[in-house]
Each structure stands twice: as structure tokens, then as C-alpha cells.
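Below is one structure, written out as C-alpha cells; the observations come after it.
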Amino acid sequence: MEYASRPEQAIASMVNSTTQPILATAFKPVDSASQRNKQLNDLLFGSIAGIVGKFVEYPFDTVKVRLQTQPLENPTYKGPVDCLTRTLKQEGIKGLYRGLSSPLVGSMLENAALFVGYKQIQRTIRDISASPADRAAYAHVADEDDLPPLSIPQLFLAGAISGALTSFVLTPVELVKCKLQVQLATTSAPAYTSSIISSVFPTKQVAHRVPAFALHTASAALAPAHPAPIHFRGPFHVILHTFQTHGLAGFYRGHLATALRETGGGAAWFGMYEIVCLHFINQKQRENPNRLITKKDLSTPQLMLGGALGGMAYNFLLFPVDVIKSHMQTDEELGARRSAAKRGFAQVAKEIYQGAGINGFYRGCGITVARSAPTSAIIFMTYELLSRHFA
């Protein structure tokens, strides 16, 4: 990653002014083997960071989704603490990790794509924006890590593009995750649910679950004209049902909301992290004027603080879009719509506002922002330390 990690000759301007952008410069092409190694390192380190972060994040994410998708007029939970307590009481710790396998793989793919894409897009921006003078000045530099970093606005742009591209990987993963997370364990599944699941998996008995916050639609769901929603056993059941029912397009239900969230989120996530790291680099440079300070000189707590603030900025700013996405991807499970037509982005937003006002877009926001701090802190710390010691 570029991450403002090698200021080199530009460090003087960084010390004088933290807001002065650093020129983007083109670099001499490196050999293809070295380039492939860097990309593989980004891929591997991003994947490992994603796995570690997902284990920390997932219980909070389950609570968030259940708060977001409960009925607007008759909420099932009083808040995140009530949701967490009742989930543990009814389902145990396993309930907080329901549907983990799909997002765990997705987190590997997402973070690998984010970190690899972020660096590749920076190379493109650097090459396009470099002047002939910049090219001449840094023609001797063979290692791209030795080049001055891009400006903060350029890093925000790289993060946004990286997030937009990653949304194509993330939408199917999020769809599977949300469908599993909204299912609450109960022992009173109606008979019609058994018949539906038995028709899909006839050779195996399964425990069926009915979402507690879907009960307000139970009488309508019992009507013969509207089949009951499927209650899934696991991610492969969701994938099979989605493909059989909606085809490949079904996996991209809610993609517009995901793309908007990831584009803005990528800019906020990487951008805030870079700003915090630049602040600490400048601070250390003032304390050590005779030594060049880079990101490699930052301590683990400083890296974690940058990651934590990046995660909080991403989740708070884009939370209303995430609420809309969750509603769109769980329509079938929660019985929000019992007609063939699916709700679009604008329609879902309108109905949330009509049902709960502005507060409806921020249901579960507190726990989401809270869980994003340690998760993003761990992701950035893991990636940076792996890059520092093993790249």
C-alpha cells in the first residue's frame, strides 16, 4: 500500500504544513516478478486481516442486522443490549455467529480486493497525474515504496474506486449473510415451513426457525396465495434457493445500495486512516528533525487508532444506505412484500422514512459504529504489521 509511507524528499513540506498536498509522481517500471510479489503480498495480507477482523466483528454485525430489519411499527428489541441479551438467551453464542462461513470467505475476498485495488488504483492515478518534471525527478527510483505519497484527495479517490469495484464481490456475500442473520431460533416452526424445506432437502431432517420480528406478518403469510418464506439451514441452502428462485441476478439484490455504501465507505475508510497516519508522521518528524519518519515508524496503537477512526467514519456516514440495503436483501424472509414485485432503493427509503422517520435510518447505528472501531483497528494493524515484517 502507498499509505503515505515513504515521504522522502517531500517530508519537508509535510512538516511545514499537514494540509499541503504532496505531488503525485510516476515511477520507473519495476520488473514483473517484483510487481507480482507485491500484489501477492497485498492479497495474502489483506485476506488474513479480513479473517481476523471478521471474527471480532460478526457478533456485533448480527445484532445490527436484526435491529435494522425488525418491524418499524412494532420493534422487537428495545436496543442493541436487549437484542444481544435475548439472542444469547434464546440461541446461545452460536446465534451470534449464524451464517459466519459465507461472510468469512467474503471478508477474505473483500479485504484482499480492497487492499490490492487500492494500491493498483494509486499507481494509475500517479501515472496519469505525473508531469514530465516529476517523471524526470524520480526516474531513478525503482521501488514504488520509495516515492512520495499521493495527496489526501487522491487517496480518497483511490479508496472510493477500490470500494466501488469491491461491491461486485461483496453484494452476493452480504445477501447470504443478511438472510441467515435475520432468522431467530425457535422451536415452534409452522408445519408449512417443514414441507417447503423438505421439498428442497428431502433426505435430511432440520431444525426450522421463524424470525420473531416477522410474526406481525404471520396471518398474511398463512394465506395460500402467498407462500411462506424459506427458513435456511446455512449458506449453501441460501445460495441454492436464491439461484433456483431468482437466477444469478438474485445474488445482486440490493447491489445499488451496496455500491453506494462501498464507494463512499472506501473513501472514508482509507481516507481517514491516511489523515491520522499523516498526523502522527508529522508529529514524530517535528520531534526528530534529523531523521526521516515514515509510516513504518508508527507504533501499533497509532496504526490501530487510524484504523478505528477510519472504520467509525465509514460506518457512521454510510449507515442509512446500509439500512436500505439490509431491508432490500431480507424482504422475502421478513415478509415485507408478499407480491411478485420487489422494492427498489427509492421505494425502500421512502417506506422507512414514512414508518419511522429519520430515526429509522439509524436503527442499530450505535453498535455498528462501536464494533467498527476494534474491527478496522485490527484489520489495518494486521495488514501493516504483516507488510512491515514479511513483505
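Side-chain atoms are counted along with the backbone in the values below, which use heavy atoms only and exclude waters and symmetry mates. Computed from a predicted model, the values in this text were never measured in an experiment.
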May I ask you to check whether over 12 heavy atoms, not counting those of M312, lie within 6.0 Å of atom CE? no

Atom pair CD1/NZ of I121 and K119 - distance to nearest 0.5 Å: 13.5 Å

Which heavy atom in Y314 sits nearest to a heavy atom in G265, and how many Å separate them? CD1-CA, 3.0 Å

CD (E262) and NE2 (H255) are apart, to the nearest 0.5 Å, by 10.0 Å

Return yes if a side-chain donor-acceptor contact under 3.5 Å exists between R98 and T62, otherwise no. no

Hey, could you give me the CD1/CG distance between I51 and L104, rounded to the nearest 0.5 Å? 5.5 Å

Would you find a donor on one side and an acceptor on the other, under 3.5 Å apart, between the side chain of T382 and the backbone of A49? no

Determine whether more than 12 heavy atoms belonging to other residues, nucleotides or ligands lie under 6.0 Å from atom CZ of F361. yes

Taking all non-hydrogen atoms of both residues, which atom of G307 and which atom of F380 are closest, and how far apart? CA-CD1, 3.5 Å

Do L44 and L386 belong to the same hydrophobic cluster, where Ile, Leu, Val, Met, Phe, Trp and Tyr are linked whenever their side-chain heavy atoms lie under 4.5 Å apart, directly or via other members? yes

Tell me whether the count of non-hydrogen atoms from other residues, nucleotides or ligands lying under 6.0 Å of CZ in F60 goes above 12. no

Using ring centroids (six-membered ring only for Trp), state whether W269 and Y118 fall under 6.0 Å. no

Check: Y273 side chain, S376 main-chain N or O, donor-acceptor pair, under 3.5 Å: no

Residues L260, K325; criterion side-chain contact (heavy atoms from CB on, under 4.5 Å); working and verdict: CA-CA 10 Å; L260 290 174; K325 177 200 72 71; over 6 Å; no

Spell out, yes or no, whether L165 and V169 are grouped together once hydrophobic residues are joined by side-chain heavy atoms under 4.5 Å, including indirect joins. no

Examine Y58 and V81 and state if one hydrophobic cluster contains both, with Ile, Leu, Val, Met, Phe, Trp and Tyr joined whenever side-chain heavy atoms are less than 4.5 Å apart. no

Examine distances only and state if a side-chain atom of Q244 and a backbone atom of H241 form a donor-acceptor pair shorter than 3.5 Å. no

Would you find a donor on one side and an acceptor on the other, under 3.5 Å apart, between the side chain of R253 and the backbone of M328? yes

For the residue pair G250 and L175, what are the closest heavy atoms and their distance? O-CD1, 3.4 Å

In this structure, CD1 of I281 is separated from CZ of R286 (nearest 0.5 Å) by 12.0 Å

Tell me whether S372 contacts the main-chain N or O of V369 through its side chain, where contact means a donor paired with an acceptor under 3.5 Å. yes

For the pair Y353 (side chain) and N359 (backbone), establish whether a donor and an acceptor sit closer than 3.5 Å, ignoring hydrogens and angles. no

Do you know the tightest heavy-atom contact between C83 and L67? CB-CD2, 4.1 Å

Between F156 and F270, does the ring centre distance come in under 6.0 Å? no

Counting neighbours of CZ on F345 that are heavy atoms of other residues, nucleotides or ligands and sit closer than 6.0 Å, is the number greater than 12? yes

Whether R261 and E174 form a salt bridge (side-chain N of Lys/Arg under 4.0 Å from carboxylate O of Asp/Glu) is what I want to check. yes

Salt bridge (Lys or Arg N to Asp or Glu O under 4.0 Å) evaluation trace for E274 with K295: CA-CA 10 Å; E274 297 289 5; K295 187 174 288 184; 3.3 Å; yes

Electrostatic pair R291-D297, nearest N-O below 4.0 angstrom: yes

For the residue pair V56 and P374, what are the closest heavy atoms and their distance? CG1-CB, 4.4 Å

Flag yes if Y252 and V173 sit in one hydrophobic cluster, no otherwise; membership is Ile, Leu, Val, Met, Phe, Trp, Tyr, and two members link when side-chain heavy atoms are under 4.5 Å apart. no

So does T375 get a backbone contact from the side chain of E57, meaning a donor-acceptor N/O pair under 3.5 Å? no

Taking A164's backbone N and O only, do any of them form a donor-acceptor pair with S167's side chain (distance below 3.5 Å, no angle check)? yes

Quick check against the 3.5 Å criterion: does S162 have a side-chain atom that pairs as donor or acceptor with the backbone of L114? yes

Treating Q285 as the side-chain partner and N288 as the backbone partner, does any N or O pair qualify as donor plus acceptor under 3.5 Å? yes

How long is the straight-line distance from NE2 of H327 back to SG of C178, given to the nearest 0.5 Å? 10.5 Å

Go through the side-chain N and O atoms of Q347 and E351 and say whether any donor and acceptor fall under 3.5 Å apart. yes

To the nearest 0.5 Å, atom OG1 of T300 lies from atom CE of M304 at 8.0 Å

If you take all heavy atoms of L318 and G264, which pair is closest and at what distance? CD2-C, 3.7 Å

If only side-chain N and O atoms count, and only distance matters, is there a donor-acceptor pair under 3.5 Å linking E110 with S107? no

